[in-house]
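By convention here, the first residue in the shown sequence is residue 1.
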Amino acid sequence: MTSRAPLSRKLSAIAESATLKVDAKAKALQAGGRPVISYAAGEPDFATPSFIVDAAADALQNPANYRYTPAAGLPVLREAIAAKTLRDSGLEVTPSQVIVTNGGKQAVYQAFQTVVNPGDEVLLPAPYWTTYPEAIALADGTPVEVFAGADQDYKVTVAQLEAARTDKTTVLVFVSPSNPTGSVYTAEETAEIGRWALEHGIWVITDEIYQNLTYEGVRAVSIVEAVPELAEQTILLNGVAKTYAMTGWRVGWMVGPADAMKLAANLQSHLSSNVNNVAQRAAAAALNGPQGEVEQFREAFDRRRRLIVSELSKIDGVEVPNPLGAFYVYPDVQGLLNRTWGGVTPTSSLELADLILEQAEVAVVPGEAFGPSGYLRLSYALGDEQLLEGVQRLQRLFA
């Protein structure tokens, strides 16, 4: 008998999301009765604002929302996204340049599918979000990591990008504020990188999903605002998940040049068709409605940010750059490696994260998920009491 044909080699090479894996393990331990505190998931602990939920409830009463709608998104939402893009990213676009996706991850996947050809090299500043290299590989591209450590506040320079550029380089991933580091590029740094990409005809995929979560008076300047001429070779990614505490509603979007968006829309028409109509109506309400509650979320994140940076900095061997955006802290923990803690001597941040989970019952994501070893990502998008208790457990473990 002939053996079964093999499974997809491409998909077999794709790794499970490390952040979701750690979060799932933490939740399983919690379900088993262990008092695990998890800093793993990038998910606000707030409830979605009630006016957004009310808009969804109203949408449920309209039979038009029970039907297929345009694959690229409801006109009302695409108009709201175009207005937000002008307001927050300084780029004027038409609604036809907007595609509504099933969460930010679909926008990421489709962006790389749209501009990457087999063999293309994609410059990927590291530390990076764990999904980017896998999405690049699914587009038959080659991710080229460009690493910036804590000494650079995890921000790459034009000199580093130029050193990594080859004749196969076609795309740059630019993320500010950053997941996993919380770093925010200055307007000047952003403009310098944008001018470099423009000079070399390189596509920019910029993930702006954290652009409204910045602190200490900092503003995340969009690369297309810093260099307007770059708009014809830039795809902007965004969504309602982080700002509006709507992770489970699954509404993201992509914005870009008309020809690129036409290709992405064709892909989506075969891949998923329209996003859930009720969720789209809720997202439109979020963008068009009052933003006071969102500001309260941001203020709470800021308070937690200052607390976790202060408390982690008390641990000898931990270096904590000050994050100015998103809701993550990314300490350099190389000073904790190759030392013995509770009878265990971790040699990597992966081993350190396992030690922390087992001995302190705290879940963190190791740096290997985002690039080189020697770092940990902690999300401070959890309750104040749990946040403090978790860090105090770390302080006791590494005393």
Side-chain angles (χ1 to χ4, degrees), residues 18-19 42 104 107-108 111-112 115-116 120-137 139 141-166 168-211 214 218 220-224 226-227 230 233-238 321-326 328-332 349 365-377:
T19 52
V108 169
F112 288 117
V115 299
V116 175
D120 284 355
E121 292 181 352
V122 179
L123 297 184
L124 182 60
Y128 49 75
W129 181 43
T130 185
T131 292
Y132 296 138
E134 308 297 354
I136 293 166
T142 301
V144 177
E145 295 182 22
V146 183
F147 179 70
D151 58 325
Q152 295 179 219
D153 198 24
Y154 303 118
K155 296 186 289 186
V156 299
T157 65
V158 164
Q160 287 180 288
L161 294 174
E162 179 60 23
R165 184 177 65 87
T166 73
K168 294 182 180 179
T169 302
T170 61
V171 183
L172 165 69
V173 179
F174 183 76
V175 187
S176 177
S178 164
N179 173 7
T181 68
S183 295
V184 181
Y185 285 79
T186 66
E188 293 75 18
E189 291 165 341
T190 300
E192 187 179 5
I193 290 173
R195 288 191 295 267
W196 172 84
L198 182 66
E199 176 187 354
H200 297 290
I202 294 172
W203 278 95
V204 176
I205 294 177
T206 181
D207 191 338
E208 299 186 336
I209 201 163
Y210 295 99
Q211 71 179 164
T214 56
V218 168
V221 175
S222 176
I223 199 165
V224 291
V227 184
L230 194 63
Q233 59 196 67
T234 300
I235 296 177
L236 296 80
L237 312 177
N238 213 319
N322 185 36
L324 294 175
Y328 307 103
V329 63
Y330 201 72
D332 181 332
S349 49
V365 186
E368 286 86 344
F370 312 106
S373 179
Y375 305 84
L376 299 174
R377 190 195 79 168

From CA spacing to verdict: side chain to side chain contact (heavy atoms under 4.5 Å, CB included), Phe370, Val365: CA-CA 9 Å; Phe370 312 106; Val365 186; 3.5 Å; yes
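- Interatomic distance, Gln152 CD to Thr157 OG1, rounded to the nearest 0.5 Å: 6.0 Å.
- For the atom pair OG1 (Thr206) and CG (Leu230), the distance works out to 9.5 Å, reported to the nearest 0.5 Å.
- Side-chain contact between Pro180 and Ser178: present, with at least one pair of heavy atoms (C-beta onward) separated by less than 4.5 Å.
- Leu236 and Ser222 make their closest contact through CD2-OG, 4.0 Å (heavy atoms, listed as atom of the first residue, atom of the second, distance).
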Worked verdict on Ile205 versus Tyr132 for side chain to side chain contact (heavy atoms under 4.5 Å, CB included): CA-CA 11 Å; Ile205 294 177; Tyr132 296 138; over 6 Å; no
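- No donor-acceptor pair under 3.5 Å is formed between the side chain of Glu145 and the backbone N or O of Tyr128.
- In this structure, Asp207 contributes its side chain and Val175 its backbone to no donor-acceptor pair below 3.5 Å.
- Side-chain atoms of Gln233 come within 3.5 Å of backbone atoms of Ile202 as a donor-acceptor pair (strictly under, hydrogens ignored).
- A side-chain contact (heavy atoms from CB on, under 4.5 Å) with Arg377 is found for one member of Thr181, Val329, Asn179 and no other, namely Asn179.
- Side chains of Phe112 and Val173 form a contact here, defined as non-hydrogen atoms less than 4.5 Å apart.
- Closest non-hydrogen pair, Leu123 versus Leu161, comes out as CD1-O, 3.8 Å.
- The minimum heavy-atom distance linking Asp120 with Val115 is given by the pair OD2-O, 4.0 Å.
- Side-chain atoms of Thr169 come within 3.5 Å of backbone N or O of Thr166 as a donor-acceptor pair.
- Panel note: side chain Tyr330, backbone Tyr154; no donor-acceptor pair is recorded below 3.5 Å.
- From Lys155, atom NZ reaches atom OG of Ser176 across 7.5 Å, with rounding to the nearest 0.5 Å.
- Contact detail for Tyr210 and Pro177: the closest heavy-atom pair is O-CG, 3.4 Å.
- Between Leu124 and Pro133 the shortest heavy-atom distance is CD2-CD, 3.9 Å.
- Ala164 approaches Val144 most closely through the heavy-atom pair CB-CG1, 4.3 Å.
- The backbone N or O of Arg165 sits nowhere less than 3.5 Å from a side-chain atom of Glu121 that would complete a donor-acceptor pair.
- Interatomic distance, CD1 of Ile193 versus CD of Glu188, reported as 12.0 Å (0.5 Å rounding).
- Checking Glu368 against Ser373 by side-chain atom types alone, a donor-acceptor pair falls below 3.5 Å.
- Residues Tyr375 and Pro127 have side chains not in contact (no heavy-atom distance under 4.5 Å, counting atoms from C-beta outward).
- By the ring pair (Phe, Tyr, Trp, His ring centres under 6.0 Å) test, Tyr185 pairs with Phe174, sequence neighbours left out.
- In this structure, the side chain of Ser183 engages the main chain of Asp153 through a donor-acceptor pair within 3.5 Å.
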